[in-house]
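Taking it in order: structure first as structure tokens, then the write-up.
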Amino acid sequence: MRGKGAVGVAVRLLPAAPALTLTTLAALLTGCHGPADAPVGNARPTSVRPSGYGAQFLAVGECSSFGTTSFTEVPCASERAAARVVARYDGAGTDGPRCPPATDFVLHISQQRSQGDEDGDGAIPQGYACMRNLEPPHPGDPGGGGGPRTIPGDCVYDSGDGQVRETACDGSGQRKPQYKVTTAVTDRALCPGPTVLYVQLGGKRPVGCARPV
């Protein structure tokens, strides 16, 4: 049984996807703001979670409310529930495991320890939670125009100064798509003929092959 209380989380949202360097058939496109799946929000629990919650704050399968300035951990059956944790890792997101491809946004959770807690039972360690909205839209889906990772099916546009950013493939975003990542390969030499842009994706297939749209 879960308690009815909720843990307040103050969050400062950052851009959903990093800017990427623009290139054409010459060099691999690289990220300029760290890994593609770096956390996109800073979450600081305002108090140690009440008894009744799981052993881990925002554990896999748990849900959060959604807002522009703060998130709270809430029961998934609550009317306030808006997103579910699909993966949860300790440590810093910049050098930790990658979030699943369909992650909509990521929360970085700052370490906190309650006063008088000597055994660490009430502590919240540093970590990050990979979140998936309970209902559409899902910016992390292929072509969705957001999410912390660039994956095959995503579209990008030239944002100037030799960089590209992700945008919705259906044109519903503020910027129209110019290129679409069609596949991921181990080496850019394996990209299909229409490829005019290479995107560094990371993982086992680190090269994204993009064509004009």
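None of these values were measured; they are calculated from a predicted model.
- Looking at R132, its side chain does come within 3.5 Å of a backbone N or O of A102 through a donor-acceptor pair.
- Using a 4.5 Å cut-off on side-chain heavy atoms (C-beta onward), C209 and V181 make no contact.
- Salt bridge absent: R205 and D187 never bring a charged side-chain N and a carboxylate O closer than 4.0 Å.
- The minimum heavy-atom distance between V74 and A81, with the atom names listed, is CG2-CA, 3.7 Å.
- The two residues Y128 and P97 make their nearest non-hydrogen contact at OH-O, 2.5 Å.
- No donor-acceptor pair closer than 3.5 Å links the side chain of R88 to the backbone N or O of A129.
- Looking only at side-chain heavy atoms (C-beta outward), S78 and C63 stay at 4.5 Å or farther from each other.
- A 4.5 Å side-chain heavy-atom check between P152 and T183 finds every atom pair outside the cut-off.
- Interatomic distance, F57 CZ to S64 OG, rounded to the nearest 0.5 Å: 8.5 Å.
- To the nearest 0.5 Å, atoms SG (C155) and OH (Y179) are separated by 12.0 Å.
- What you find for N133 and P139 is that their closest heavy atoms are ND2-CD, 3.8 Å.
- Under the 4.5 Å side-chain contact rule for hydrophobic residues, V60 and V86 do not share a cluster.
- Closest heavy-atom contact between P177 and V213: O-CG2, 3.3 Å.
- Side-chain atoms of T103 do not come within 3.5 Å of backbone N or O of F105 as any donor-acceptor pair.
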Test side-chain contact (heavy atoms from CB on, under 4.5 Å) on T150 and E166 and set out the steps. CA-CA 8 Å; T150 300; E166 192 175 329; 3.7 Å; yes
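- Once rounded to the nearest 0.5 Å, the distance linking OG1 of T167 with CZ of R175 reads 8.0 Å.
- Atoms CG and CD, on L197 and Q178 in that order, are 10.0 Å from each other to the nearest 0.5 Å.
- Rounding to the nearest 0.5 Å gives a distance of 6.0 Å between CZ of R211 and NZ of K180.
- Put simply, the side chain of Y198 does not reach to within 4.5 Å of the side chain of P206, judged on heavy atoms.
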Going through the distances and angles, do R165 and Y157 end up as a side-chain contact (heavy atoms from CB on, under 4.5 Å)? CA-CA 6 Å; R165 289 185 180 275; Y157 68 91; 3.8 Å; yes
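- Nearest heavy-atom pair, P100 versus A87, reported as atom, atom and distance to 0.1 Å: CD-CB, 3.8 Å.
- C169 contributes atom SG, which lies 11.5 Å from atom CG of D141 (distance to the nearest 0.5 angstrom).
- Taken together through direct or relayed side-chain contacts under 4.5 Å among Ile, Leu, Val, Met, Phe, Trp and Tyr, V85 and L134 form parts of separate hydrophobic clusters.
- Using modelled atom types, one side-chain atom of E73 and one backbone atom of L58 make a donor-acceptor pair closer than 3.5 Å.
- With a 4.5 Å cut-off on side-chain heavy atoms, V196 and P212 count as touching.
- Put simply, the side chain of Q126 never gets that close to the backbone of G91: no donor and acceptor are under 3.5 Å apart.
- When atom types are taken as modelled, the side chain of D104 and the backbone of M131 share no donor-acceptor pair closer than 3.5 angstrom.
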